[in-house]
Each structure stands twice: as structure tokens, then as C-alpha cells.
Amino acid sequence: MKKPLYGIFKILYDHYGPQYWWPAETPFEVMVGAVLTQNTNWRNVEKAINNLKRAGALSSPKKILSMPERKLAALIRPAGYFNIKAKRLKSMVGFYVSTLGVGRKIAGRLKTKRFRDELLSVNGIGPETADSILLYSFGRRVFVVDAYTRRIFSRHGYFASDLGYEHIRRLFEESLPPDAKLYNEYHALIVRLGKDFCRTVPKCELCPLSHERK
DNA sequence: GACCAGGCACATC
DNA sequence: GATGTGCATGGT
């Protein structure tokens, strides 16, 4: 019998302690980072975010909207895919200003399901980016699934490696207490574990979960 | 020089 | 509905 997912959380938490996610100064910065980190090393994202900060582009969403796309792309160059991500940032910030409202008043009234659907309709925001924004920027109770989650838990036999995003998300949400703080910490711990051990080594004996393997 | 990193949209079958 | 491909930098 496999250890419950909540048990895995406890192992990780005992091993690593709190992760204090998301690494950003403001909720808006979380949203920008969520787009920039798509298939990209966080170190590269940090360089791009620092460029944006120096340019004053994170102090107000409208600065990003008024900035020429080429200039925006140049600033986020270190994060890779800079042309496509410049477009995605523009559409994401457009949504932030128009639909969510600058004071986030509208967002507060949206139910999470509706909020998620709205985010998914924005160009450049897919399931993981939407869920990262919902959880880490707005504190909504949504479990974030990423490549590490899929890789680690499929290797440990919890599901097939090609199981769909929504199925994996549902599995975690239905197996865990409904607690946004828990989801926050759990996803961060999974990423921490993935960075440490589960990159290219399928079975690493140093992994804190290795003794849980059947 | 190959391989990878906290995905997504779009084309094609 | 599933599968393949382009997007791009910087670290190991």
C-alpha cells in the first residue's frame, strides 16, 4: 500500500521545512514570474525580473502595457522565449487591468472555478500558470501541478506518467485536506525536491522519499 | 557540445 | 483526443 499523499507531504516538510513561497515582493510580481518561468530555470527568471524592476515596469501594471513589445522583450531576454513571453505578459497584464481591476476588487468577487476559467482564456496562460496565479497570488485553494509533480509521483507509482493535468490536480485535491496554505507549501516542497534529486536520476537513493519506494 | 529548466499555442492526423 | 513542434536563454 502506498503512503497517502499527505504522508509524503509530512516527510518533505520534516526534511526541508517551510519554503516561504512564492519568491516575490508583490502579488503582481507573482503573476509576472508565473509567465516568465514557463519551461524556464528560475535563476534566469530572476534576471529578467530584476531587469523589469530596474526599468520600473513592476511598480505599475500600466507601465508594461504602455511599453513597446520590443523593449519588453529585451528586458526579459534572460528568461528565454522572450518574444512570445513579451506577448504573453502583455495579454496577462491586460487581463489584470481590465478584468480583475487594478485594485483587485473584481477578483475578490469571482468564484475560484470562474476565476480559473477566465485565466485560462487569456493567451499564454495555461493550467499551471493559471493555478500558480490562483494559489500564490490570490490565495485560492488550487493545487499546482508541474513537471516535477508528474515526474516524481509517476516514478513512485502514484499514476502513469502521461496522466492528464486535471486528473493529477484532482487526485491531490481529493486526497488532501482543503487548505490553501498546505497546497502552497506542498507544491514548493515538490519543486525543492525535484531540483535536488529528481532531475535526471530515475532512482536516487539520497532522495528523502527513496525509502517509501515499493 | 549536449542536455535541461517551476509550459503553452498551434498544426496536423 | 492524442501527438509533434517552435519558442531561447544560461547553467551544468
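Chain letters run A, B, ... following the sequence lines, proteins first and then strands; every chain starts at 1.
- Atom CG of A/L36 and atom P of B/dA5 are 18 Å apart (whole Å).
- Applying the side chain to side chain donor-acceptor pair (under 3.5 Å) test to residues at least two apart or on different chains, the pairs with a partner in residues 69-80 of chain A are A/E69-A/K87.
- Sequence order on DNA chain C of the closest nucleotides to A/T40 and A/K47 puts A/T40 first from the 5' end.
- Between A/T40 and A/K85, the side chains place a donor N or O and an acceptor N or O closer than 3.5 Å (distance only, hydrogens not considered).
- From A/I76, atom CD1 reaches atom CD1 of A/I49 across 10.5 Å, with rounding to the nearest 0.5 Å.
- When heavy atoms are screened at a 4.0 angstrom cut-off, A/A147 is found touching the sugar-phosphate backbone but no base atom.
- Put simply, OH on A/Y81 is 9 Å from P on C/dA8, counting in whole angstrom units.
- Taking atom CG of residue A/N39 and atom P of nucleotide C/dA8, one finds them 12 Å apart after rounding to whole Å.
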Checklist entry - For every nucleotide of nucleotides 8-13 of chain B, 5' to 3': is a protein heavy atom under 4.0 Å from its base (B), only from its sugar-phosphate (S), or from neither (-)? => result BSS---
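- As a whole-Å value, the separation of A/L75 CG from C/dT9 C1' is 15 Å.
- In this structure, CG of A/L119 is placed 17 Å from P of B/dG7, rounded to the nearest angstrom.
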Could you go through nucleotides 2-5 of chain C and list every protein N or O atom that sits under 3.5 Å from one of its N or O atoms, giving the distance for each pair?
none

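- The side chain of A/R151 contributes an N or O atom lying less than 4.0 Å from OP1 or OP2 of B/dA5.
- Residue A/K195 contributes atom NZ, which lies 13 Å from atom P of C/dT12 at whole-angstrom precision.
- Dense packing is recorded around CD of A/E166, with more than 12 heavy atoms of other residues, nucleotides or ligands lying under 6.0 Å away.
- Rounded to whole Å, the P atom of C/dG10 lies 23 Å from the corresponding atom of B/dC8.
- A/N44 comes within 4.0 angstrom of a base, heavy atoms only.
- Atom CZ in A/R150 sits roughly 16 Å away from atom C1' in B/dA5 (whole-Å rounding).
- Between A/W42 and A/W21, the distance separating the two ring centers is not shorter than 6.0 angstrom.
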Checklist entry - After noting the C-alpha distance and the side-chain angles of A/K53 and A/E25, does the key distance pass the salt bridge (charged side-chain N to carboxylate O under 4.0 Å, His left out) rule? => result CA-CA 11 Å; A/K53 279 184 181 168; A/E25 292 178 11; 3.2 Å; yes
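- Side-chain contact check for A/D131 and A/Y136: no donor-acceptor pair (N or O, by modelled atom type) lies under 3.5 Å.
- Separation of atoms NZ (A/K3) and OH (A/Y158) is listed at 8.0 Å; rounding is to 0.5 Å.
- The listed nucleotides are B/dG7, C/dT9, C/dA8; the one nearest the side chain of A/N83 is C/dA8.
- Using a 4.0 Å cut-off, some side-chain N or O of A/R77 falls inside it from OP1 or OP2 of C/dT9.
- Taking the P atom of each, C/dT5 and B/dC3 are spaced 16 Å apart, rounded to whole Å.
- Separating the NZ atom of A/K85 from the P atom of C/dG10 is a distance of 12 Å, rounded to the nearest angstrom.
- Using modelled atom types, one finds a donor on one side chain and an acceptor on the other under 3.5 Å when comparing A/Q38 with A/T129.
- Separating the CG atom in A/L182 from the CZ atom in A/F172 is a distance of 11.0 Å, to the nearest 0.5 Å.
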